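What follows is one structure encoded as structure tokens, with my remarks underneath.
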Amino acid sequence: MPPDFYARPILDLSRALIGCGLLVDGVGGVIVETEAYEAGDPASHSFAGPTARNRAMFGPGGHVYVYRIYGMHWCLNVVGGSAPGAAVLVRALEPTSGLETMAARRRMKDPRRLCAGPGRSCEALDVTRAHDGLSLGAPPFTLLPRPAEPRIVVGPRIGITKATDRPWRFGLAGSRFLSRPFPR
DNA sequence: CCGCTGATAATCT
DNA sequence: GATTATCAGCGGA
């Protein structure tokens, strides 16, 4: 993916990532769900400015921000290149490559739940703090362009307590691999 | 399908 | 010491 792919407003980048392929060491699938976070957004980790944890959010676009949540899961974000402190949370994938590897890591077979959530996706792709700050343009990552413009559904973000009314969650319309359904 | 509960630790106040 | 961008397992419908 060219570097200027990331240099657009974070809501646009969130939509542009839907349908793209995301692989880590050849294992992964198609991004079907994302959420946008940005500086000045009370729900964003970047809201209070740079810290040790969120420094990747203020780094170059096209790199990743990985953090631990609830003491046990990892979450993967794509950092935006248009403004500092903005990133896209990768919430769900449609598994396409390395199904057996992902099933073994997740200790489950059902493809529908393999990557249906940010924590589940990181476990399936074996993404950890070791990846924090790395570029998507180099191994072990691969980000593939989408074959066609997908139809996208929109809704409020999940699991947050602030700025809950912003419709900054995006999904591939009709996908069976979402973390949760979108409201009608 | 849906909602509830407990697990578990880094981060920040 | 409170909060947290979550998940598996369970029970009910």
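Chain identifiers are assigned alphabetically (A, B, ...) following the order of the sequence lines, protein sequences preceding nucleic acid strands; residue numbering begins at 1 within each chain. In this text the structure is predicted, and so the values were computed from the model without any measurement. Only heavy atoms go into these numbers, but all of them, side chains included; no hydrogens, no water, no symmetry mates.
Whole-Å rounding puts the Arg53(A) CZ to dT13(B) P distance at 10 Å. When rounded to the nearest whole Å, the span between CZ of Arg105(A) and P of dC7(C) equals 17 Å. Across the protein-nucleic acid pair, Asn54(A) atom CG and dA10(B) atom P stand 17 Å apart, rounded to whole Å. What separates CD1 of Ile158(A) from C1' of dT6(C) is a distance of 11 Å, to the nearest Å. Rounded to an integer number of Å, the gap from OH of Tyr67(A) to P of dT4(C) is 12 Å. We find that OH of Tyr70(A) is positioned 13 Å from C1' of dA2(C), with the value rounded to whole Å. One interatomic measurement links the two molecules: CG of Asn77(A) to P of dT6(C), which rounds to 11 Å at whole-angstrom precision. The nearest whole Å value for the distance from the NE2 atom in His73(A) to the P atom in dA10(B) is 15 Å.
For the pair Tyr37(A) and dA5(C), the ring geometry qualifies as stacking, because the centroid separation is below 5.5 Å while the planes lie within an angle under 30°.
Listed pair Thr51(A) / dT11(B) fails the phosphate criterion, with no side-chain N or O lying under 4.0 Å from OP1 or OP2. For the pair Ser44(A) and dA5(C), the criterion of a side-chain N or O lying under 4.0 Å from OP1 or OP2 is not met. At the phosphate of dA8(C), neither OP1 nor OP2 sits under 4.0 Å from any side-chain N or O atom of Arg113(A). Residue Arg169(A) places none of its side-chain N or O atoms closer than 4.0 Å to OP1 or OP2 of dA5(C). OP1 or OP2 of dA5(C) lies within a sub-4.0 Å distance of a side-chain N or O belonging to His45(A). Note on Arg55(A): every side-chain N or O is 4.0 Å or more away from OP1 and OP2 of dT11(B).
Salt-bridge check for Arg105(A) with Glu123(A): failed, with every basic side-chain N at 4.0 Å or more from each acidic carboxylate O. Under 4.0 Å is where a charged nitrogen must lie from a carboxylate oxygen, and between Glu35(A) and Arg91(A) at least one such pair does. Taking 4.0 Å as the cut-off between side-chain N and carboxylate O, Arg157(A) and Asp41(A) count as a salt-bridged pair.
The side chain of Cys75(A) approaches dT6(C) more closely than any other nucleotide in the set dT4(C), dT6(C), dC2(B). The nucleotide whose nearest atom lies closest to any side-chain atom of Arg106(A) is, among dA8(C), dT4(C), dA5(C), dA8(C). Distance from the side chain of Met72(A) is smallest for dT8(B) among the nucleotides dC1(B), dT8(B), dA5(C).
When ring centroids are compared, Tyr67(A) and His45(A) come within the 6.0 Å threshold.
Considering OG1 of Thr34(A) and CD1 of Ile18(A), their distance stands at 4.0 Å, rounded to 0.5 Å.
Panel note: side chain Arg120(A), backbone Gly117(A); no donor-acceptor pair is recorded below 3.5 Å.
For the pair Pro95(A)/Cys115(A), a side-chain contact is recorded, criterion being any heavy-atom separation below 4.5 Å from C-beta on. A heavy-atom distance below 4.5 Å is not found between the side chains of Leu76(A) and Pro118(A).
Within a heavy-atom distance below 4.0 Å of DNA chain C, the residues of residues 80-95 of chain A found are Leu89(A), Arg91(A).
In this structure, Arg107(A) reaches neither bases nor backbone, as no heavy-atom distance under 4.0 Å exists between it and the strands shown.
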Requested in this report: Apply side-chain contact (heavy atoms from CB on, under 4.5 Å) to the pair Phe5(A) and Leu17(A), showing each step before the final yes or no.
Outcome: CA-CA 10 Å; Phe5(A) 174 81; Leu17(A) 285 168; 3.7 Å; yes
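Toward the 5′ end of DNA chain B lies the nearest nucleotide of Arg180(A), the other residue of the pair Ile69(A) and Arg180(A) mapping further downstream. Both Gly117(A) and Lys162(A) lie near DNA chain C, and the one whose nearest nucleotide falls closer to the 5' end is Lys162(A).
A cation-pi geometry, defined here as NZ or CZ lying under 6.0 Å from the six-membered ring centre and within 45° of its normal, does not hold between Arg112(A) and Phe177(A).
Within a 6.0 Å radius of CZ in Arg166(A), more than 12 heavy atoms belonging to other residues, nucleotides or ligands are found.
In DNA chain B, runs of at least 3 stacked Watson-Crick or G-U pairs (N1-N3 plus N6-O4 or O6-N4, or N1-O2 plus O6-N3, all under 3.5 Å) give these stems: B:1-7 with C:6-12, B:9-12 with C:1-4.
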